[in-house]
Protein chains: 2
Amino acid sequence: MAEDVLDERTRQTLFAVVESYINKLEPVGSRFVTKRYSFGFSSATIRNIMADLEEYGFLSQPHISAGRVPTDKGYRFYVDSIFDKGVGSPLISDSDTDKDLSVGQDEAIFEFLCQFTRNFARKLRGMKNDTNKMFFEVTNTLSSMSNYISIAIPPKTEHTTLNRIDFIKHKEDKAVAILLTNEGIVKNKMLKVDSRLTQEDLNRIAEYLNSEYSGYTIDEIKRVLFKRIKQEKMMWDDLISKAIKIYEQAMSFAGEDIFISGIYDVMNLPDFSDISKLKEVAGAIKDKHLMLRFLNELLNAKGVQVLIGRENSDRQLKNLSIVASTYKEGDRPIGVIALIGPTRMHYSKAIYMVDTIAKCISKTFEQ
Amino acid sequence: MAEDVLDERTRQTLFAVVESYINKLEPVGSRFVTKRYSFGFSSATIRNIMADLEEYGFLSQPHISAGRVPTDKGYRFYVDSIFDKGVGSPLISDSDTDKDLSVGQDEAIFEFLCQFTRNFARKLRGMKNDTNKMFFEVTNTLSSMSNYISIAIPPKTEHTTLNRIDFIKHKEDKAVAILLTNEGIVKNKMLKVDSRLTQEDLNRIAEYLNSEYSGYTIDEIKRVLFKRIKQEKMMWDDLISKAIKIYEQAMSFAGEDIFISGIYDVMNLPDFSDISKLKEVAGAIKDKHLMLRFLNELLNAKGVQVLIGRENSDRQLKNLSIVASTYKEGDRPIGVIALIGPTRMHYSKAIYMVDTIAKCISKTFEQ
DNA sequence: ATTAGCACTTCAATCATGAGAGTGCTAAAG
DNA sequence: CTTTAGCACTCTCATGATTGAAGTGCTAAT
C-alpha cells in the first residue's frame with residue numbers, strides 16, 4: 001500500500017509539508033501550506049489530506065493542536081521524489097531560497113557552483129600524493145559547507161596495488177618499510193627484524209618483492225605469499241622466508257583510517273541546540289571502528305545513497321540521516337564519503353554536495 | 001597587597017569556599033562552610049570573612065542573596081596553595097572523595113595509581129617508534145580520565161637530529177623522501193624533482209647528506225646549507241646544489257602536528273550543559289594553529305603550569321583554564337601536553353594527571 | 001571579637017490565565 | 001459526491017502573581 005496509492009494532490013501536499021518542515025523546523029499546519037503553495041484548495045481540504053497522510057504513516061503530530069511533522073517514511077517519500085526529479089541540480093527545492101528569486105540569480109548561483117567545483121577538483125588533484133591532506137580537505141570542505149558531520153574513507157587497500165617497497169635499516173633490530181602504491185600514496189612502518197640483517201640483506205629482500213610482486217594488489221600478494229608458505233614448507237629458501245615475515249609486518253597497518261570532521265559545525269544547527277542530542281551524534285561517531293564497518297557496507301552500491309533515521313541498521317543512528325556516495329577508480333568503487341545530520345536534513349543540498357565531491361575525488365583517481 | 005595580608009583563618013575560609021565550589025558547582029554560602037568544615041566559628045563570622053574576601057577580589061556573588069563564587073584571583077590563590085602543599089599526590093583534596101574515606105582506602109587508591117602509571121609508561125615505550133600512535137594514546141587517555149580536553153604537541157623538530165635520510169624515485173618527476181630522526185620517528189614526503197634524476201643520483205645525494213650532516217639538528221642543517229649557498233654561490237658543484245633543493249623541500253612539513261582529544265568527554269561536564277559554552281570551547285580549540293603557538297610559549301617554563309581564565313593571553317580562553325606541562329628529553333623540554341577545562345576545574349586532579357603523564361613521556365624519550 | 005537574630009533581597013518553582021495556533025467535525029454550498 | 005466555511009475544542013507558550021527557600025548585611029547582645 002501507501003505511496004503508489006496516493007493521488008497527485010496528496011503527493012504534492014506531502015512534499016510541501018516535508019519541504020516546509022525542513023525549512024521552518026516547526027510543525028507545519030494546513031493554513032501554512034495553503035498560503036505558501038497555491039494548490040487551489042482551501043485549508044480544510046488540506047487538513048483532510050493531512051489527516052489521511054497521518055493515517056498512512058507519513059506524518060505525525062507532536063501534540064493534537066500542533067501542525068504535522070514528517071516521519072521517517074515521510075522523509076523517505078520526499079527523498080525518493082528528489083531522486084525521481086533528478087539529482088545533479090542544487091536548485092531543486094528545499095533550500096531557503098524564496099520563490100521570488102529571479103531566474104538570473106539562479107543562473108548566477110549555478111555558475112558559482114560550477115566554478116567552485118572546478119576549483120575544488122583542481123585543488124584535490126594537487127594533493128593526489130598525500131591522502132591524508134586530501135581527505136582532510138574533503139571532510140573539512142564538506143562539513144563546513146553543509147554544517148553536517150562529514151566522514152570519508154580513504155581508498156581501500158584491497159584495491160591498491162604495490163608499486164614499490166623498500167626497507168631501510170634503522171638501528172639494531174629496527175627497520176622502516178616504505179610502501180608506494182599505484183595511487184601514489186606512501187605509507188611507512190617501523191618493523192622489528194632479525195638484528196643480523198644488514199642493509200644489503202634488506203635491499204635484496206625488497207628487490208625480490210619488487211620484481212616478483214609489484215603490480216599486484218596488496219591482498220593478492222598476501223595470498224600468494226601464504227600459498228608459498230604451504231607449498232614449499234620444507235624448502236623455502238631463506239630469502240623468501242624472510243621476505244614473507246617482513247612483508248606481513250609491513251602490511252598490517254593498525255586499523256584502517258577514517259576521516260571525520262564537523263562536530264564544531266553541527267553545533268550551529270538548531271536541531272542540536274539541546275546538548276543531549278548533540279551527545280547522541282557524538283556518541284554515534286565516536287566509535288570510529290563501528291562507523292568504518294558501517295560505511296564499508298555502502299561500498300557495493302553505486303551513486304548516492306540516503307539512509308533515514310531508523311533505516312540505519314545501527315541503533316545509535318536512529319535519529320540521524322546519512323547521505324553517502326562511493327568514489328571510484330575507473331569503474332571500481334574504492335571508498336566512501338558521507339554526511340551525517342539530523343533526519344530533518346536539507347536533503348537536496350546534501351545529496352548535491354556529496355555527489356559533486358565524490359565525483360571530484362573520482363576524477364582525481366582516474367587515468 | 002592581598003594574599004600576603006590574609007590571616008590564617010581567612011586563608012582557610014577562602015580555600016574552603018573554592019574547594020566547595022569546585023565540588024558543588026553551586027555558589028557556596030557561609031552556612032555551608034561552617035557545616036562542612038569545623039573551623040570553630042559561626043556562620044556570621046564566616047560571613048564577615050567572606051565579605052572581606054569579596055572586597056579583596058577573591059570571591060564574587062552572582063546576585064545579592066546567593067552564596068559566593070571564586071574569581072580567577074580566587075582560583076589562583078587556591079592553585080598556589082596546592083603547589084605550596086606539594087604536587088605529586090593525587091589525594092590532596094578537591095576530589096569528590098569524602099573525608100570519611102579510611103586511610104586504607106587512600107592507600108589502595110594510591111597503589112592503583114602507581115600501577116596504572118607503570119603500565120602506561122610501558123605502553124608508551126612500546127609505541128616509541130610511532131609518534132602518531134603514541135600521542136594519540138596520550139591525548140585519549142588524558143581526556144577520558146579527566147573529562148577535559150587534552151592537547152599534546154609532539155617533539156619539536158628544532159631539537160630533533162637527522163639520523164638518516166633517503167630518497168626513492170617514484171615516477172617521472174616524483175620522489176619520496178624518508179626521514180629518520182634520533183627519536184626514532186619516521187616522516188616521509190613526496191617531492192617534485194628534476195625528472196632527469198635517476199635513482200642512482202638520488203642515492204648519491206642521500207649519501208652526501210647522510211655523511212655530512214647526520215647527527216645535526218634539522219634546523220642546523222638548514223642553516224649550514226644556506227651558508228654554503230652564499231659562500232660558494234658561483235662554484236657549487238652540482239651535487240650540493242641539488243641536495244640543497246631537495247632537502248629544503250623534504251624539510252618543509254606543512255604545519256606542525258598537534259593532537260587534540262576530548263570534545264566528546266567534555267560534553268559530560270555540567271559546566272558545558274549550555275551549548276553556547278560548549279561552542280566557546282570548541283571555538284578555542286578549533287584553530288589548531290593558534291593553539292599550537294599558544295602552547296609553544298609554554299615550552300620555556302619547567303614543571304606544571306596553570307593558567308586560569310583571563311590569565312590566558314588569548315581572549316577566547318578567558319572562561320577556561322589550562323593545566324600544562326612540558327616533557328623532556330634529558331634536560332631539554334621538547335614538547336607540551338595540556339588539559340583545557342572550565343575555570344572551575346578539579347585542579348589537583350588535573351595537575352596530578354598532567355604531571356604524571358608528562359613524566360611518562362619523558363621517560364620514553366630517555367635512554 | 002564573636003555571635004544570635006532579624007529584616008531584606010533575590011531566585012526558582014508553582015500556578016492560573018489568556019492568547020494563539022491548529023485540529024476535527026458538521027453542515028452547507030457547488 | 002466533493003469542497004469549503006465555520007465553530008468548538010485542545011494544546012502550547014508566554015505572562016504575571018505568589019510563595020518558600022537560601023543567603024546576605026546589619027545591629028545589638030554576649
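Letters A, B, ... mirror the listed sequences (proteins, then strands); counts begin at 1.
A donor-acceptor pair under 3.5 Å is absent between the side-chain atoms of Gln305(B) and the main chain of Ala324(B), judged by distance alone.
Here the CD1-CD1 distance, from Ile46(B) to Ile49(B), works out to 4.5 Å after rounding to the nearest 0.5 Å. With rounding to the nearest 0.5 angstrom, the CE atom of Met267(B) is 5.0 Å from the CE atom of Met267(A). Atoms OG1 and CZ, from Thr13(A) and Arg11(A) in turn, are 11.5 Å apart once rounded to the nearest 0.5 Å. Rounded to the nearest 0.5 Å, atoms CG (Asp72(A)) and OG1 (Thr343(A)) are 6.0 Å apart.
To the nearest angstrom, P of dA21(C) lies 10 Å from NZ of Lys24(A). Remark: C1' of dT24(D) and CD1 of Ile49(B) are 15 Å apart, rounded to the nearest angstrom. Rounding to whole angstrom units, CZ of residue Phe32(B) and P of dG23(D) are separated by 9 Å. Between Phe39(B) atom CZ and dT2(C) atom C1' the separation is 17 Å, expressed in whole Å. Nucleotide dG23(D) holds its P atom 9 Å from the CD atom of Glu26(B), rounded to whole Å. Here the P atom of nucleotide dT2(C) and the CD1 atom of Ile46(B) are 10 Å apart, to the nearest Å. Between the CG atom of Asp52(A) and the P atom of dT2(D) there is a distance of 12 Å, rounded to whole Å. As rounded to whole Å, 16 Å separates atom P of dA21(C) from atom CE of Met50(A).
For Phe39(B), the ring-ring contact (aromatic ring centres under 6.0 Å, His included) criterion is met by Tyr37(B), not counting sequence neighbours. Under the salt bridge (charged side-chain N to carboxylate O under 4.0 Å, His left out) criterion, Lys286(A) pairs with Asp265(B), sequence neighbours left out. Looking at residues two or more places apart in sequence or on another chain, you find no salt bridge (charged side-chain N to carboxylate O under 4.0 Å, His left out) involving Glu26(A).
Within the structure, a side-chain polar atom (N or O) of Arg9(A) is placed less than 4.0 Å from OP1 or OP2 of dT3(D). Taking side-chain N and O atoms only, Thr45(A) has a distance below 4.0 Å to OP1 or OP2 of dT4(D).
Summarising the local packing, NZ of Lys277(B) is surrounded by 12 or fewer heavy atoms from other residues, nucleotides or ligands at distances under 6.0 Å.
Just one residue in the list Ile285(B), Val281(B), Leu278(B) forms a side-chain contact (heavy atoms from CB on, under 4.5 Å) with Tyr264(A), and that residue is Ile285(B). The side-chain contact (heavy atoms from CB on, under 4.5 Å) with Phe58(A) is formed by just one residue from the set Phe77(A), Tyr78(A), Tyr75(A); it is Phe77(A).
Note on Arg76(A) versus Asp80(A): salt bridge recorded, some NZ/NE/NH1/NH2 to OD/OE distance being below 4.0 Å.
In this structure, Ser43(B) reaches neither bases nor backbone, as no heavy-atom distance under 4.0 Å exists between it and the strands shown.
Using a 4.0 Å cut-off on heavy atoms, the residues of residues 59-72 of chain A that approach DNA chain D are His63(A), Ile64(A), Ser65(A), listed by number.
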Return the polar atom pairs (N/O with N/O) between nucleotides 15-18 of chain D and the protein under 3.5 Å, or none.
none

What one-letter contact string describes nucleotides 25-30 of chain C from 5' to 3', where B marks a base within less than 4.0 Å of any protein heavy atom, S marks contact via sugar-phosphate atoms alone, and - marks no contact?
-> ------

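Map Ser42(B) and Gly29(A) each onto its nearest nucleotide of DNA chain C; the residue landing nearer the 5' end is Ser42(B).
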